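Below: the structure, in structure tokens.
Just follow the structure's listing: the first ligand is 1, and inside any ligand the first atom is 1. From a predicted model like this one, the values you see are computed outputs, not experimental measurements.
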Amino acid sequence: MATLLLDTLRKAELEQYYNSFSTHGITQLESLAQLSMQDYNSLGITSIQDRKKLFQLVQSLRQELPTLENGLVSSPSTISSAITSPSTGSLLKSPQSYRRRPPEAQKTQPLSVSAIPDLSNQGMPRRPVNVNVSGVAAAGASPQTIASPNLSTPQTRSRSRTLPDQAARPEFLKAGKQSSIILPEDDDEDTSDEENKCEIRRGSGSLLDPYGVPIQKRPGYSQRSNTLGSSPFSTSVTSVASVANVSAQSDLNQKIRVCVRKRPLNKKELEKGEKDIAPTVGVRSINVNEPKMKVDLTKYIEQHSFTFDDVFDSDSSNEQIYQRTAQPLVKYIFGGGKATCFAYGQTGSGKTYTMLDPQHGLYVLAARDVFHLLRQPQNEHLTAWIGFYEIYQGQLYDLLNNRKKLFAREDGKQNVVIVGLKEYVIKNVEDLMQVFEYGSQARSTGSTGANSDSSRSHAVLQILLRPVKSRKKICGKLSFIDLAGSERGADRGDADIKTRMEGAEINKSLLALKECIRALDQDKRHTPFRQSKLTQVLKDSFVGNSRTCMIATISPNQGNSEHTLNTLRYADRVKELKGERDRRAVGNDLENGNGSRVSGEEADFGNDESYQEEYNDVDDDYGDSDDPELYNKGDDDDLFLDDEYFPSDGDVNILDEDFPHENNHRVFNEPQQAHSRPANANSSRRQNMYNDRSGSGLLQSRTNPATDQGRRISNNQNHSPHNRTDEPSFDGGMSSSPEIYDSIEFSRTRQTSGPLARPKISRDASAHSINRSQSSVSLNDFAVTSLPNKQPPPVPLATKQPEQLTSEDVLFEQQAIEDFIKYHRAQIREVTECSKKETKLLANFSLSMSSRKDTQENGGKGSSVYDLQTSSDFIDYLDHLAEVLERKMAAIGAMRDRIRSVLGEEDF
Ligand SMILES: Nc1ncnc2c1ncn2[C@@H]1O[C@H](COP(=O)(O)OP(=O)(O)OP(=O)(O)O)[C@@H](O)[C@H]1O
């Protein structure tokens with residue numbers, strides 16, 4: 001085969017690259033035929049002439065080796081694999097010639113050199129030869145390469161990353177080469193037969209996916225397919241029946257499932273004579289035949305192919321979709337879990353119809369099952385509650401409570417709680433539908449009043465399971481989310497400031513959603529949940545013990561092909577999340593305590609007690625969410641812990657490292673603390689705290705380093721265990737009152753972190769004090785320069801020889817220093833966050849001003865109206881700015897306190 005390759009290269013006057021090809025594992029013509037132009041550089045082919053030659057050679061080889069074509073026609077070995085695979089039952093007959101042949105047999109039937117066209121004259125046709133989709137070369141193919149007449153039109157086509165011939169691909173291309181399949185339209189624009197006369201050539205196969213992510217880093221298709229229990233060949237040559245079989249075997253209990261639903265062409269589209277350009281292929285794949293035009297104005301169709309957990313054709317009913325999307329989630333929440341089902345797609349693609357249609361929406365079908373399960377004896381102790389809110393412009397509004405503003409909170413256990421959300425007990429489906437209808441009206445009414453419309457908000461309907469006897473506990477939560485239309489930002493095209501801001505917010509949140517999913521997919525240690533309210537609220541759907549199902553809705557008409565592709569790419573990105581690479585995926589959850597796997601059924605319905613306990617604990621902390629006053633003491637921002645962090649993936653970002661979730665961050669994120677405090681609050685707080693505690697041991701602890709035992713080096717003889725027990729415990733419970741909170745912070749600053757500030761001076765710490773000899777903070781900067789009465793002065797640390805140093809001389813423990821660093825990071829983060837808010841406030845205000853000016857100049861309303869509006873906005877702007885600045889100052893003040901504490905300063 002190598003000789004054949006060399007001969008071929010020689011004929012094409014490319015033999016000088018033979019070594020480079022070999023180095024890259026290209027030793028066969030089949031491999032050569034799969035090169036795309038993006039590979040040329042890696043192979044060292046930079047001269048234009050040579051690139052042309054290679055391009056023509058590759059084209060010619062593809063023509064000569066149709067069975068290797070990228071996805072349209074499978075290689076003999078692949079086809080035979082598929083045929084012989086027990087998991088797939090091809091519709092194809094299995095001609096002898098496509099049975100799996102032993103390698104030797106393959107070797108004995110190489111293509112003859114004569115079959116390779118002589119390219120040395122460069123006279124080969126530029127236009128690739130048309131072949132039909134069954135892989136039969138239209139012209140010029142050697143008899144050997146013409147597919148068997150029995151090779152009927154494949155049931156599916158797939159993009160190159162589903163290439164069945166991965167095994168034959170060069171090593172460096174195997175990881176995930178992507179290409180497109182370009183099908184030219186006939187010049188006479190008769191597209192009816194285009195599928196039978198498709199021009200096949202490798203498209204601009206890129207090593208980057210549409211999101212700019214190197215494909216090599218992503219799991220190969222076959223890996224994912226295997227994860228799902230299907231054959232890696234299933235999408236390339238399998239029949240509908242076999243795919244259905246595979247799909248049926250796939251795990252409905254995966255942590256994340258991604259499905260696609262195509263709506264039918266609507267009346268308008270039909271009237272316009274539009275065609276369905278997104279045929280589904282089997283039950284898991286869908287193609288999009290995107291009309292395109294070359295620079296020479298030749299029209300062609302670019303076909304894109306995608307595979308998901310499920311693809312629902314336009315004739316699928318909500319019931320069918322429900323069975324494979326939300327129904328497993330309903331079962332899951334009865335095991336104590338959290339689950340989310342959301343619809344994503346462009347406006348008019350059927351999100352609402354799917355999720356929240358008043359009659360057949362998935363929520364109604366889910367409710368039916370919820371009540372069915374509630375009637376089971378084992379669930380008699382539970383009741384169902386409903387809450388319905390929307391996220392509009394980054395704010396939460398209760399749709400069941402006059403659009404009351406809500407606040408999201410997160411506890412230390414990463415549960416998101418919507419504080420103040422009005423929830424109703426529902427006894428049956430009718431109840432639910434009534435409540436929902438009421439909420440929907442509020443949504444549209446409210447949004448009309450606010451100059452928005454429903455599709456510009458994300459609507460969240462949640463069904464909660466609570467014990468009959470304790471409405472405080474939550475035993476399961478299922479959320480249905482109807483996301484705002486995904487294309488609004490791009491399509492709005494109007495100058496209205498509000499609309500633009502809405503669009504920007506929607507885009508931001510959808511982008512954030514994608515970023516979060518992407519971060520999870522790539523196992524990044526930092527997941528940017530905080531980037532939008534949507535992702536903050538959805539956070540607990542992604543982390544921990546949760547299930548998520550995304551339904552990407554698409555419109556099938558040509559006019560929407562771009563949007564459809566965007567939606568599918570987005571969904572495809574999400575799809576990458578699942579599979580064995582995701583350590584939070586089902587595999588983890590299915591591990592029982594002994595490390596062995598339990599069955600899906602068990603995992604599904606088994607009670608996750610630890611989770612439930614946690615969840616219930618949380619709810620206890622929060623109490624009843626009907627009572628917002630209990631938790632919402634005037635703060636005007638949501639409180640979340642930091643974004644999700646996962647152990648190392650090599651990202652280096654000081655703000656992203658080991659961010660303290662609870663211990664340190666909350667001090668900055670407590671708006672109550674920040675907003676209600678006057679500008680000099682830090683010093684007065686310090687003074688108050690000092691006064692309050694001067695007689696209570698804390699002062700003593702400050703003046704007596706011996707009481708600061710917690711973090712001191714272990715061999716300090718003066719450690720007094722009882723002093724350690726004096727430390728106030730702080731669990732950072734969110735239910736803490738501000739006063740408690742303050743005291744917690746104080747104690748944290750003064751005591752828990754205090755030891756950090758306690759340079760160890762001598763064994764008799766009771767009488768010691770310290771001075772900072774220099775202003776900069778470093779270990780060696782701390783030396784004892786004065787000591788109280790009757791104590792012999794210690795040897796200054798700086799003068800000690802290294803061999804004289806003992807552990808007693810260590811001023812700060814490593815841990816304490818690390819804690820300080822974490823604290824500092826938290827402070828930087830908080831200040832940065834505030835600065836961003838400041839910028840945003842300023843941008844929004846100036847944007848609205850300039851927009852108003854424009855309108856005025858273009859003959860809008862009288863100037864006094866605008867001046868009035870501007871003044872009112874200005875006041876808002878100042879108000880918000882003042883709040884942000886206070887929060888910022890609070891963060892800086894807390895940091896200063898901490899430094900002083902560390903340095904043992906006596907200024908408060
Ligand atoms: N699968 C379907 N079968 C029949 N009609 C559908 C289907 N999906 C959507 N429709 C119809 O298409 C129209 C638009 O659907 P829908 O309102 O659900 O879109 P949407 O994605 O929620 O839009 P928006 O983002 O603007 O809220 C509706 O009239 C709806 O009844």
Decide whether the shortest distance between a heavy atom of [X] and an atom of ligand 1 is less than 4.0 Å.
X: M355; value: no
X: G345; value: no
X: K262; value: no

Can you list everything that forms a ring-ring contact (aromatic ring centres under 6.0 Å, His included) with Y389? Sequence neighbours excluded, please.
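Per chain and number, Y389 pairs via ring-ring contact (aromatic ring centres under 6.0 Å, His included) with no residue.
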Residues that Y322 engages under ring-ring contact (aromatic ring centres under 6.0 Å, His included), provided they are two or more places apart:
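None.
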For T553 and S349, does a side-chain donor sit closer than 3.5 Å to a side-chain acceptor?
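There is such a pair between these side chains.
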When you compare the side chains of H563 and S555, does any donor N or O come within less than 3.5 Å of an acceptor on the partner?
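Short answer, no.
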Can the positive tip of R261 be found less than 6.0 Å from the middle of the six-membered ring of F312, inside 45° of the ring normal?
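Cation-pi check for R261 and F312: fails.
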Counting heavy atoms only, which of G350, P264, S314, S317 comes nearest to atom 15 (O) of ligand 1?
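Ranked by closest heavy atom to atom 15 (O) of ligand 1, first place is G350.
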Number the atoms of ligand 1 from 1 as they appear, then name those within less than 4.0 Å of a heavy atom of R261, with their elements.
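Answer, ordered by atom number: 1 (N).
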Any N or O on [X] sitting closer than 3.5 Å to an N or O of ligand 1?
X: R263; result: no
X: T354; result: no
X: L483; result: no

Residue part near ligand 1, for S316, under 4.0 Å between non-hydrogen atoms:
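S316 to ligand 1: no contact under 4.0 Å from either part.
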Ligand 1 versus Q346, non-hydrogen atoms closer than 4.0 Å: side chain, backbone, both, neither?
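Backbone only; the side chain of Q346 stays clear of ligand 1.
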Might you confirm whether atom CD of Q323 has over 12 heavy atoms from other residues, nucleotides or ligands at distances under 6.0 Å?
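Yes - once you tally the heavy atoms of other residues, nucleotides and ligands closer than 6.0 Å, there are more than 12.
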Regarding R403 and E390, does a basic nitrogen lie under 4.0 Å from an acidic carboxylate oxygen?
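A salt bridge is present here (some side-chain N lies under 4.0 Å from a carboxylate O).
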